[in-house]
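Proteins come first, then strands; the chains are lettered A, B, ... in the order of their sequence lines, and each starts at number 1.
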Amino acid sequence: MVVITRRRSSARSARTVGSNAVIVGAGAVLVCLLAWELLARGPLAGGPFPTVGAIAGGLAGLAARVSFWSSLAETVLTALVGLGLAIIAGVVLGVVLGSVEFVYRSCRLIIEALKPIPPIVVMPLVLLLLGPSTEMGMFLVFYGCLWPVLIQTVVGVRDADPVLIDTARSFGFGRFQRAVRIVLPGAAAFIVTGVRIAGAAAFVIAVVSELVGGAPGIGRDLFVAQNAGLYAEMYALVFVMGVVGLAFNTGLGAFEKWMLHWHPSVRREVVA
Amino acid sequence: MRSVRRSESSALTRRLRSVAIEFWLPVLIVVLWWFASARADLVFYPPLAEIVQRFGEQWLSERFFTDVVPSLRNMLVGYAFSCLVGVGMGVVVAQVRVVRHAVEPLVHFLRSIPPVALVPLAILVLGFGADMKMVIIAFSAVFSTLIATLDGVRAADPLLGEVTKVYRISGRDRLFKVTLPAAAPQILGGLQVSLQIAFVVMITSEMLASTEGIGYLTILAQQTFAITDMWAGMLLLGVLGYLFNLLFTLAERRVLRWHIGMRAQATTR
């Protein structure tokens with residue numbers, strides 16, 4: 001009984017702390033906006049800092065334009081298609097590399113060498129081959145997202161329970177069936193982690209390919225706004241990117257939970 | 001005696017075989033690239049021999065001091081700042097609940113902005129100089145370290161906090177002997193992400209706004225169709241990316257030796 005009441009009260013206090021956190025967080029955001037507004041009107045007026053009102057105006061102006069929404073869709077599509085291709089290629093290659101020791105050890109050094117090289121390094125070549133196009137952006141996203149998925153898949157496959165595999169083999173499962181029914185579900189937790197890491201990078205790489213490489217999308221819009229001297233619109237675009245980035249990260253977290261709802265690591269969280 | 005020698009020699013052959021398995025494919029690819037590109041007359045894939053030669057001419061000459069050194073200086077200064085500020089702020093903010101609640105939403109939002117997108121704003125505010133690059137590198141890279149430090153300090157074993165209280169350990173001792181070591185694995189994870197961001201932002205800031213630096217010369221070579229120069233630039237950037245990661249991993253392993261040892265012990269038990 002005592003235990004129950006204590007638990008209840010701690011739950012209540014946790015809830016009040018939670019609401020406090022929201023209030024304090026929102027307050028801090030408001031204070032920052034207010035400080036920005038005052039600085040933009042006062043000492044920094046006329047400089048490169050538009051007022052909050054002007055930025056909101058820029059945002060409204062963007063939202064009213066069809067070209068903005070098509071740019072945004074282009075960026076998100078680039079990120080998602082590149083990510084999707086990277087997941088497919090990464091998982092298939094990862095299962096092969098993870099199950100055949102010789103292939104894995106032959107390719108290990110190549111993967112280790114290429115993994116820390118960011119997509120922007122190979123961008124000049126890809127730009128030369130594909131031009132400033134959506135395909136260029138998709139390829140860069142694919143390249144950047146491939147490594148985390150591939151490496152996590154290999155780790156997950158190599159982590160597979162040998163007893164399970166032997167059991168499946170003695171039941172007459174073929175190589176392919178073992179890979180799909182035993183190895184992949186066992187590696188799922190690792191793969192989903194790889195997808196989360198890759199997904200967080202996908203949107204960023206899409207923006208890089210547009211901003212620096214000139215592929216169509218909100219990244220290129222930012223570059224255009226900079227050259228046209230549309231300060232308020234620049235800040236509005238960066239704000240939009242922050243919102244989209246946040247949505248990507250939140251969406252990936254939800255995706256991870258949804259994919260692994262059956263997995264012990266997530267189940268335990270729900271029970272507790 | 002003989003059996004010992006035989007086992008030694010078999011160990012040697014095993015060692016050689018494992019080295020051969022690891023290296024045959026990378027070596028084969030480089031050799032194939034070398035000879036195939038020397039024969040074929042492809043515009044976008046100049047002979048590897050020429051790329052290596054241009055690499056030497058372009059980067060190991062006076063360009064080393066006028067372009068490579070400024071790039072690396074901007075990156076390292078910016079990164080050093082982001083490490084200090086990220087870890088310092090993280091430790092302070094994690095201790096005070098009100099500050100943490102106030103800072104977290106802002107930090108998470110700023111972290112979600114693609115770091116590269118901040119470069120145009122930095123150009124707007126700070127111009128095209130080297131100080132702009134250092135500031136934007138530091139600013140973009142700081143959030144990963146900050147968030148990792150925050151989480152690491154907060155996720156530390158609560159028992160640790162109670163023990164330090166019981167033993168009345170406080171101040172500098174608590175910071176350097178308890179708080180930071182307990183959060184070290186996570187902080188180092190954040191520092192590694194920050195390093196990658198710093199590297200990417202260094203390249204981007206030079207590609208978007210510069211008249212010097214490795215990124216500038218590489219994108220200039222691409223735009224003027226100096227294909228071999230472009231390959232030489234990509235080669236240097238690739239090698240740098242690899243080296244930064246390698247150095248970081250080595251340093252991390254050294255710092256976390258106690259942690260890795262502890263984990264190994266725990267798993268064997």
Suppose a student defines contact as a heavy atom less than 4.5 Å from any heavy atom of chain B. Which residues in residues 228-240 of chain A would they list?
A/Tyr231, A/Met234, A/Tyr235, A/Val238, A/Phe239
Roughly how far apart are A/Phe203 CZ and B/Ser112 OG, rounded to 0.5 Å?
9.5 Å
Looking only at B/Pro115, B/Ala221, B/Ser18, B/Gly215, most heavy-atom pairs under 4.5 Å shared with chain A are made by B/Ser18
Between A/Val122, A/Leu128, A/Leu246, A/Val204, who has the most heavy-atom pairs with chain B when the cutoff is under 4.5 Å?
A/Leu128
Select one option (side chain, backbone, both, neither) describing which atoms of B/Met234 are under 4.5 Å from chain A's heavy atoms.
both
Partner chain A: residue of B/Leu208, B/Ile29, B/Thr218 with the largest heavy-atom pair count (under 4.5 Å):
B/Leu208
Taking every non-hydrogen pair under 4.5 Å, which of B/Leu118, B/Val119, B/Leu124 racks up the most with chain A?
B/Leu124
Determine whether B/Pro114 and A/Val208 make a side-chain contact, defined as any pair of heavy atoms from C-beta on separated by less than 4.5 Å.
no
Scored by heavy-atom pairs under 4.5 Å with chain B, the best of A/Val29, A/Asn249, A/Leu125, A/Val31 is A/Leu125
Residue pairs meeting ring pair (Phe, Tyr, Trp, His ring centres under 6.0 Å), one or both in residues 189-227 of chain B, sequence neighbours left out, come to B/Phe199-B/Phe244
Once rounded to the nearest 0.5 Å, what's the spacing between atom CG of B/Leu25 and atom SG of A/Cys107?
5.5 Å
Leading residue by heavy atom contact count with chain A [cutoff under 4.5 Å; candidates B/Leu121, B/Ile203, B/Leu246]:
B/Leu121
Under 4.5 Å, heavy atom to heavy atom, which residues of residues 220-227 of chain A contact chain B?
A/Leu222, A/Phe223, A/Gln226
Review item, side-chain donor-acceptor pairs of residues 131-147 of chain B, under 3.5 Å, at least two apart:
{"unit_1": "B/Lys133", "atom_1": "NZ", "unit_2": "B/Ser210", "atom_2": "OG", "d": "3.0"}
{"unit_1": "B/Ser140", "atom_1": "OG", "unit_2": "B/Ile136", "atom_2": "O", "d": "2.5"}
{"unit_1": "B/Thr145", "atom_1": "OG1", "unit_2": "B/Ser194", "atom_2": "OG", "d": "2.6"}

With a 4.5 angstrom heavy-atom cut-off, which part of B/Leu28 approaches chain A: side chain, backbone, both or neither?
neither
Drop me the distance from A/Leu109's CG to B/Phe23's CZ, to the nearest 0.5 angstrom.
5.0 Å
Scored by heavy-atom pairs under 4.5 Å with chain B, the best of A/Pro48, A/Ser106, A/Ala28, A/Ala200 is A/Ser106
Toward chain A, the part of B/Ile227 with a non-hydrogen atom under 4.5 Å
side chain
Please state whether the side chain, the backbone, both or neither of B/Pro105 comes within less than 4.5 Å of a heavy atom of chain A.
side chain
For B/Ile219, is it the side chain, the backbone, both or neither that has a heavy atom under 4.5 Å from a heavy atom of chain A?
side chain
With chain B, the option among A/Ala201, A/Pro124, A/Cys32 that has the most non-hydrogen atom pairs under 4.5 Å is A/Pro124
Between B/Gly241, B/Gly238, B/Gly233, B/Pro120, which shows the greatest number of heavy-atom pairs under 4.5 Å with chain A?
B/Pro120
Is the count of non-hydrogen atoms from other residues, nucleotides or ligands lying under 6.0 Å from B/Arg154 atom CZ greater than 12?
no
Checking heavy atoms, do the side chain of A/Glu112, its backbone, both or neither come under 4.5 Å from chain B?
backbone
Winner by heavy-atom pair count (cut-off under 4.5 Å) against chain B, out of A/Gly245, A/Gly242, A/Pro118:
A/Gly242
The interface call for B/Leu110 against chain A, heavy-atom contacts under 4.5 Å, is neither
Which bit of B/Glu22 comes within less than 4.5 Å of chain A, counting heavy atoms only: side chain, backbone, both or neither?
both
Which bit of A/Arg108 is near chain B, if near means a heavy-atom gap under 4.5 Å: side chain, backbone, both or neither?
side chain
Taking side chain as C-beta onward, heavy atoms only, is A/Ile120 less than 4.5 Å from B/Met207?
yes
Chain B heavy atoms under 4.5 Å from A/Val243: which part of the residue, side chain, backbone, both or neither?
both
Any chance you could measure B/Tyr242, atom OH, to A/Ile117, atom CD1, to the nearest 0.5 Å?
9.5 Å
CG of A/Asn20 to NE2 of B/His101, rounded to nearest 0.5 Å, is 7.0 Å
Count the heavy-atom pairs under 4.5 Å between each of B/Leu237, B/Val116, B/Ile21 and chain A, then report the option with the highest count.
B/Ile21
